[in-house]
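Not measured: the values here are computed from a predicted model. The figures here come from the full heavy-atom set of this structure, side chains too, leaving out hydrogens, waters and symmetry mates.
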Amino acid sequence: MKYTQLGRTGLKVSRLVLGTMNFGPQTDEGDSHAIMDAALDAGINFFDTANVYGWGENKGRTEEIIGSWFAKGGGRRDKVVLATKVYGNMGPDGEAWPNHDKLSAVNIRRAVDASLKRLGTDHIDLYQFHHIDRATPFEEIWQAIDVLIQQGKILYAGSSNFPGYKIAQANEIAARRGGTIGLVSEQCLYNLAERRAEMEVIPAAQEYGLGVIPWSPLHGGLLGGVIRKEAQGGRRASGRAADTLADPAARKQIQAYEDLLEKHGVEPGEAALAWLLTRPGVTGPIVGPRTREQLDSALRALELELGEELLASLDEIFPGPGPSPEAFAW
């Protein structure tokens, strides 16, 4: 396993991040435990979750599954850099009682204690804001975070789904307050098929020393060989992938991608992960395996080296926006 620093911190994390969103909704507790054991055995030490995972009436279930895995002992908790998130409404009926969602100081306090209880631990290594909260000033957010750090309940704070200007705003206010390290990571949607983060988010993250943690590295399965799998009678595309393939031009683009990788003898999903590992500022993509086989495929991407010719061909199929501000200015 390869490791890197998380942004400007001294924290060492694996270059693959184990995403746990499927634990509970699609993968039962026993299989989830087996996947976490296999990930740890392979050297993955960075696990990502969120308080809302489990979804619907089962919000919080994913954190509980991780907590029951920690409870097995064997140094599991000490070996893991644990990341979870706050923002979402935790009410099972979808209606949030006032102050029971988003990033007010009162909800941050309530949410972190609830996550700690579900996770069965006394601290969270990386506490991430799952979305921006337009109604809560960062002065209030950082005050709440400072208290949690002083209490030893969290160690670092990160963002998720933040635009570049909010990363800058958050860290400038943290710097003015003094004694607050500010955001150390940004978890954003970023992959070959969705490169808008290169316009502002990733430059802002690099400027402020945040590690970039891409989510949906296969774009909902779109980059995992979806057309070939359909032709072979396998699992059909759904969600974001199905919506994209409904566009003839987009389907032609994905077909070109699969044809290119077949020519080079490379599995599409592994290539998509390996490409992210070449991108400036990227700490490591989040892989969310439903099965052990999917985890094994993700691990193989760590050893895959994409040549300059193949990287250039991928850029031709999925051109990025170009550098900012030149991409939208002269």
Side-chain angles (χ1 to χ4, degrees), residues 16-28 31-32 35 48-50 52-59 61-62 85 88 94 130-131 160-161 187-199 201 213-264 266-276 279 282 285-298 300-301 313-321:
L16 283 183
V17 184
L18 182 68
T20 62
M21 188 170 66
N22 290 319
F23 295 174
Q26 297 194 43
T27 307
D28 65 24
D31 287 343
S32 298
I35 289 172
D48 176 74
T49 191
V52 294
Y53 290 172
W55 310 111
E57 295 181 354
N58 295 310
K59 290 175 183 176
R61 177 60 183 146
T62 303
K85 308 183 194 73
H130 212 160
H131 200 277
S160 181
N161 305 305
Q187 186 177 139
C188 59
L189 175 61
Y190 183 39
N191 55 57
L192 267 168
E194 176 48 84
R195 296 179 61 170
R196 284 178 293 178
E198 295 175 359
M199 187 83 76
V201 174
I213 311 169
W215 62 265
S216 196
L218 303 189
H219 209 55
L222 189 70
L223 300 172
V226 63
I227 295 177
R228 183 185 68 187
K229 290 175 183 176
E230 283 186 354
Q232 294 173 346
R235 188 168 179 260
R236 294 187 62 82
S238 60
R240 183 183 297 115
D243 292 341
T244 302
L245 291 179
D247 177 357
R251 188 178 185 92
K252 182 179 179 181
Q253 183 183 42
I254 298 302
Q255 185 66 68
Y257 166 71
E258 293 188 16
D259 290 345
L260 171 69
L261 296 176
E262 184 177 12
K263 173 185 172 183
H264 284 265
V266 178
E267 286 295 317
E270 294 169 21
L273 290 172
W275 178 83
L276 280 170
R279 306 309 299 165
V282 168
I286 298 173
V287 296
R290 294 187 302 275
T291 65
R292 172 63 188 273
E293 290 73 24
Q294 290 177 342
L295 175 62
D296 291 341
S297 175
R300 288 193 293 272
S313 297
L314 289 171
D315 269 336
E316 289 178 7
I317 296 172
F318 300 107

Note to self: For Y257 and F318, I'd like to know if the aromatic rings sit close, meaning centre-to-centre distance below 6.0 Å.
What the structure shows: yes
Distance-only, no hydrogens or angles: does the [X] side chain make a donor-acceptor pair with backbone N or O of [Y] under 3.5 Å?
X: N191; Y: L218; answer: no
X: T20; Y: F23; answer: no
X: Q255; Y: R251; answer: no
X: T27; Y: S32; answer: no

Would you say the side chain of [Y] lies within less than 4.5 Å of the side chain of [X], judging by non-hydrogen atoms?
X: L18; Y: I35; value: yes
X: V282; Y: I213; value: no
X: E267; Y: E262; value: no
X: W215; Y: M21; value: no
X: I317; Y: L260; value: yes

How far does [atom1] of [X] sit from [atom2] of [Y], to the nearest 0.5 angstrom?
X: C188; Y: R196; atom1: SG; atom2: CZ; value: 11.5 Å
X: I286; Y: L16; atom1: CD1; atom2: CG; value: 11.0 Å
X: S297; Y: L273; atom1: OG; atom2: CG; value: 7.0 Å
X: Q253; Y: E258; atom1: CD; atom2: CD; value: 11.5 Å
X: S216; Y: E194; atom1: OG; atom2: CD; value: 9.5 Å
X: K252; Y: L245; atom1: NZ; atom2: CG; value: 15.0 Å

Side-chain ion pair, [X] and [Y], N-O less than 4.0 Å:
X: K85; Y: D48; value: yes
X: E198; Y: R279; value: yes
X: K263; Y: D259; value: no

Closest non-hydrogen atom pair between [X] and [Y], with its separation:
X: A298; Y: V287; result: CB-CG1, 3.8 Å
X: P217; Y: A272; result: O-CB, 4.0 Å
X: A50; Y: H130; result: CB-CE1, 3.8 Å
X: K59; Y: V52; result: CG-O, 3.7 Å
X: A193; Y: L222; result: CB-CD2, 4.3 Å
X: P268; Y: L261; result: CA-CD1, 3.4 Å

Next item on the list: Using only heavy-atom distances, determine whether the side chains of N161 and H131 contain a donor-acceptor pair under 3.5 Å.
Entry: no
Next item on the list: Output, in order, the C-alpha distance, side-chain angles, deciding distance and verdict of salt bridge (charged side-chain N to carboxylate O under 4.0 Å, His left out) for D28 and R290.
Entry: CA-CA 9 Å; D28 65 24; R290 294 187 302 275; over 6 Å; no
